[in-house]
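Everything on this sheet refers to the single structure shown next.
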Protein chains: 2
Amino acid sequence: MSSTQKGYRVAILGATGLVGRTMLDVLEERKFPVSEIVPLASSRSRGKEIVFDGRTFVTREPSKEVFAEVDIALFSAGAGASHEWARIAAEAGAVVIDNSSAFRMDPDVPLVVPEVNPEAIFDEDGRPEMIIANPNCSTIQMVVVLKPLHDRYRLRRVVVSTYQSVTGKGKAGRDALEAELAGTVPESFTHVHQIAFNAIPHIDVFQENGYTKEELKMVNETRKIMGDDSLSVSPTTVRIPVYGGHGESLNIEFEEDFSVDDVRELLSKAPGVIVQDNPSANLYPMPLSSYEKDEVFVGRIRRDLWHPKTLNMWVVADNLRKGAATNAVQIAEQLIGRL
Amino acid sequence: MSSTQKGYRVAILGATGLVGRTMLDVLEERKFPVSEIVPLASSRSRGKEIVFDGRTFVTREPSKEVFAEVDIALFSAGAGASHEWARIAAEAGAVVIDNSSAFRMDPDVPLVVPEVNPEAIFDEDGRPEMIIANPNCSTIQMVVVLKPLHDRYRLRRVVVSTYQSVTGKGKAGRDALEAELAGTVPESFTHVHQIAFNAIPHIDVFQENGYTKEELKMVNETRKIMGDDSLSVSPTTVRIPVYGGHGESLNIEFEEDFSVDDVRELLSKAPGVIVQDNPSANLYPMPLSSYEKDEVFVGRIRRDLWHPKTLNMWVVADNLRKGAATNAVQIAEQLIGRL
């Protein structure tokens with residue numbers, strides 16, 4: 001569109017899902033210039049009404065023709081739907097921002113966290129790539145805090161253990177916890193085992209090497225986003241019965257030494273990061289206090305007691321927001337005036 | 001007592017608490033030779049009846065005279081009560097096994113995990129020490145798996161993140177979660193913040209260096225139990241809304257290289273350890289499946305993807321059992337025939 005138009009036509013594939021609905025909230029809150037919302041959904045949800053900024057839009061079926069009518073298409077309907085529709089949408093002229101894992105490791109598709117590598121959104125001629133991948137939630141919140149530290153001290157190695165919200169499995173993940181807490185015994189467990197009162201070290205599918213796909217996403221996506229294939233990430237991902245966000249315990253070894261005060265200062269100025277680090281006031285990031293926030297929260301910043309040039313910290317972000325919807329909308333914001 | 005007696009007179013200080021009651025269960029289940037239980041409790045709980053092995057005992061007030069009547073005194077009423085009574089009990093002739101933090105780092109008091117350093121229970125003349133400290137729950141389950149690995153490969157460094165059950169704060173910790181889930185808004189939060197649906201990186205009191213006491217216990221107690229002041233433990237401890245046990249994500253660097261198969265084999269033969277490591281069958285340790293079990297469960301055993309001689313694993317144990325009551329009773333079992 002030209003900059004004289006009032007706004008962009010934005011399609012949302014998976015508009016009735018938890019991430020899709022959060023995308024609508026974030027577009028509205030951040031006053032993204034929208035002229036029209038085109039909600040798209042699986043046959044089950046078609047005909048449903050979506051209210052955006054006081055206007056009602058009816059959920060439609062995805063098609064080449066529909067994508068030809070829009071400027072930007074936010075995809076959050078799983079890797080299968082993305083494989084089916086992303087190239088069709090892109091060929092029809094919509095810039096696709098895909099929240100699924102379908103294209104993340106595709107060498108022709110940029111994987112973008114706007115605080116880290118916004119330049120990857122555009123080709124060398126300054127035109128936007130037609131398919132842009134949104135990283136995995138656990139990866140996004142980690143790279144937002146690692147990036148400014150890497151630029152200053154050079155990362156050598158990261159050991160990360162995650163504490164992931166049930167909403168990582170969408171509405172079904174949240175409903176499963178609520179049903180279990182209400183005493184309902186399901187036919188099969190959404191989180192493989194009972195998640196109420198439990199911690200399950202199993203997110204996504206196990207691979208030959210003993211790691212899960214979720215863990216390998218944190219390894220491979222981090223390298224791609226940071227543009228550094230020497231980064232060494234050692235992950236353990238665990239589902240716990242929380243809402244509001246994912247927690248991550250990070251042990252980070254650098255090439256260069258640091259002072260904890262400098263790290264705190266650096267992070268407090270880093271884009272998208274809020275430092276919450278005042279133990280004496282019981283202030284540190286938590287899933288509940290990160291709920292519906294767009295930033296990444298970091299605290300418990302302290303030097304490793306024994307290992308040189310090494311830092312411990314605790315990072316939390318709302319996995320539906322910065323871990324998914326907000327990051328996708330931030331990518332869309334980079335496109336304003338450049339479509 | 002002489003070996004001709006039917007059993008030992010066992011006092012339990014804090015008999016009405018969650019750990020105290022678990023001690024009674026464990027003594028009964030493991031058929032510890034008990035001639036008499038002497039339940040002791042704070043004034044609030046005095047006169048309460050305790051049933052053990054079909055017999056009823058009435059809770060009494062601790063006193064020098066009471067301790068003079070018993071052979072073994074299991075303490076689990078907090079550090080204050082231990083400071084008040086442990087030396088009096090020992091002087092009265094009872095061997096005190098203390099579950100509080102009161103004496104753990106006292107150089108004159110052994111800190112014992114029977115799978116690791118049972119020899120520390122006795123002095124050089126083979127007589128039992130009169131006060132024996134039971135380690136912190138998070139430490140116990142970690143050292144049980146670290147010990148056989150240290151003996152074979154020599155530990156260089158451990159990075160550990162914990163996923164700790166609300167029962168680490170006893171009955172009050174469990175009741176707080178239940179009340180929060182039922183919608184009750186408390187006057188003050190037992191876990192500092194709401195624990196329902198949350199993860200709180202704050203267990204015990206913060207110290208000057210930014211670590212909590214819980215974290216420093218894992219550092220200092222591990223060194224004392226393993227008898228190696230060069231061990232480097234880097235801990236982050238987190239409370240989560242689970243029952244049944246504490247989880248720990250461990251990244252362990254060794255001096256010597258290993259094969260994962262050898263590690264699995266070694267741990268499967270280690271005392272007190274059960275390997276649950278079959279991802280293709282969705283088998284790995286979890287708090288719920290560790291509930292009321294006396295062993296330490298280990299799984300997700302896999303090589304660090306990048307760092308040499310380094311292993312990731314996931315360890316769970318019932319914090320009220322192996323993390324407290326069972327370990328204390330196991331220490332008492334070492335005393336059989338030696339009092």
Side-chain angles (χ1 to χ4, degrees), chain A residues 157 159-163 165-166 177 181 192-194 196-202 206-207 209-212 216 219 231-236 238 240-245 247 249-251 260 277 279-280 282 284-289 299-307 310 312-314 316, chain B residues 157 159-163 165 177 181 192-194 196-202 206-207 209-212 215-216 219 231-236 238 240-245 247 249-251 260 277 279-280 282 284-289 299-307 310 312-314 316:
Chain A
R157 183 172 177 239
V159 178
V160 53
S161 297
T162 71
Y163 300 66
S165 163
V166 290
L177 174 57
L181 287 173
V192 187
H193 301 277
Q194 178 186 321
F197 309 114
N198 205 9
I200 305 175
H202 176 178
F206 278 104
Q207 306 297 288
N209 63 2
Y211 287 80
T212 60
L216 297 180
V219 171
L231 287 178
S232 147
V233 176
S234 193
T236 300
V238 182
I240 62 171
V242 306
Y243 297 141
S249 169
L250 299 180
N251 180 272
V260 167
D277 195 18
S280 62
N282 298 325
Y284 29 71
M286 298 186 293
L288 277 191
S289 51
R300 299 294 325 271
I301 302 169
R302 62 210 194 277
R303 185 175 280 282
D304 191 292
L305 289 166
W306 318 105
H307 208 62
T310 303
N312 282 310
M313 57 167 69
W314 168 252
V316 182
Chain B
R157 183 173 178 239
V159 178
V160 54
S161 297
T162 70
Y163 300 67
S165 164
L177 174 57
L181 288 173
V192 187
H193 301 277
Q194 177 185 321
F197 309 114
N198 206 7
I200 305 174
H202 176 178
F206 278 103
Q207 304 299 288
N209 63 1
Y211 288 79
T212 60
E215 289 160 352
L216 297 180
V219 171
L231 287 179
S232 147
V233 176
S234 192
T236 300
V238 182
I240 62 171
V242 306
Y243 297 142
S249 169
L250 298 180
N251 181 272
V260 168
D277 195 17
S280 62
N282 299 325
Y284 29 72
M286 299 185 295
L288 277 191
S289 51
R300 301 291 327 271
I301 302 168
R302 63 212 193 277
R303 184 175 280 282
D304 190 291
L305 289 166
W306 318 105
H307 208 62
T310 303
N312 283 309
M313 58 168 67
W314 169 253
V316 182

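Side chains included, hydrogens not; waters and symmetry mates left out as well; all remaining heavy atoms used.
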Measure the [atom1]-[atom2] distance between [X] and [Y] for me, rounded to the nearest 0.5 Å.
X: S234(A); Y: L305(B); atom1: OG; atom2: CG; value: 6.0 Å
X: N282(B); Y: H202(A); atom1: CG; atom2: NE2; value: 5.0 Å
X: I200(B); Y: W314(A); atom1: CD1; atom2: CH2; value: 10.0 Å
X: M286(B); Y: F197(A); atom1: CE; atom2: CZ; value: 15.0 Å

inquiry  = Testing the basics here: between R300(B) and G210(A), what is the closest heavy-atom pair and its distance to 0.1 Å?
reply    =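 Heavy-atom minimum between the residues: NH2-O, 3.0 Å.
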key: S249(A) to S161(B) - nearest heavy-atom pair and separation   =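 That would be OG-OG, 2.7 Å.
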ask   = When only pairs under 4.5 Å are counted, which of V233(B), T212(B), V260(B) shares the most heavy-atom pairs with chain A?
value =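 Winner by heavy-atom pair count: V233(B).
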Among the listed options P287(B), G244(B), P201(B), the residue most often paired with chain A at heavy-atom distances under 4.5 Å =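 Ranked by contacts with chain A, first place is P201(B).
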Counting only heavy atoms closer than 4.5 Å, note whether [X] contacts chain A via side chain, backbone, both or neither.
X: Y284(B); value: side chain
X: V219(B); value: side chain
X: L216(B); value: side chain
X: D304(B); value: both
X: D277(B); value: neither
X: S280(B); value: neither

message = Could you tell me if T236(B) and R302(A) have a donor-acceptor pair between their side chains, going purely by distance under 3.5 Å?
response =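 There is such a pair between these side chains.
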Kindly indicate whether the side chain of [X], heavy atoms from C-beta on, has any atom under 4.5 Å from the side chain of [Y].
X: I240(B); Y: V242(A); value: no
X: N251(A); Y: N251(B); value: no
X: Q194(B); Y: L288(A); value: yes
X: R157(B); Y: T310(A); value: yes

ask   = Between I301(A) and chain B, which part of the residue has a heavy atom less than 4.5 Å away: side chain, backbone, both or neither?
value =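 Answer is neither: I301(A) stays 4.5 Å or more from chain B.
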ask   = Under a 4.5 Å heavy-atom cut-off, does chain B meet the side chain of N198(A), its backbone, both or neither?
value =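 Its backbone and side chain both get close to chain B.
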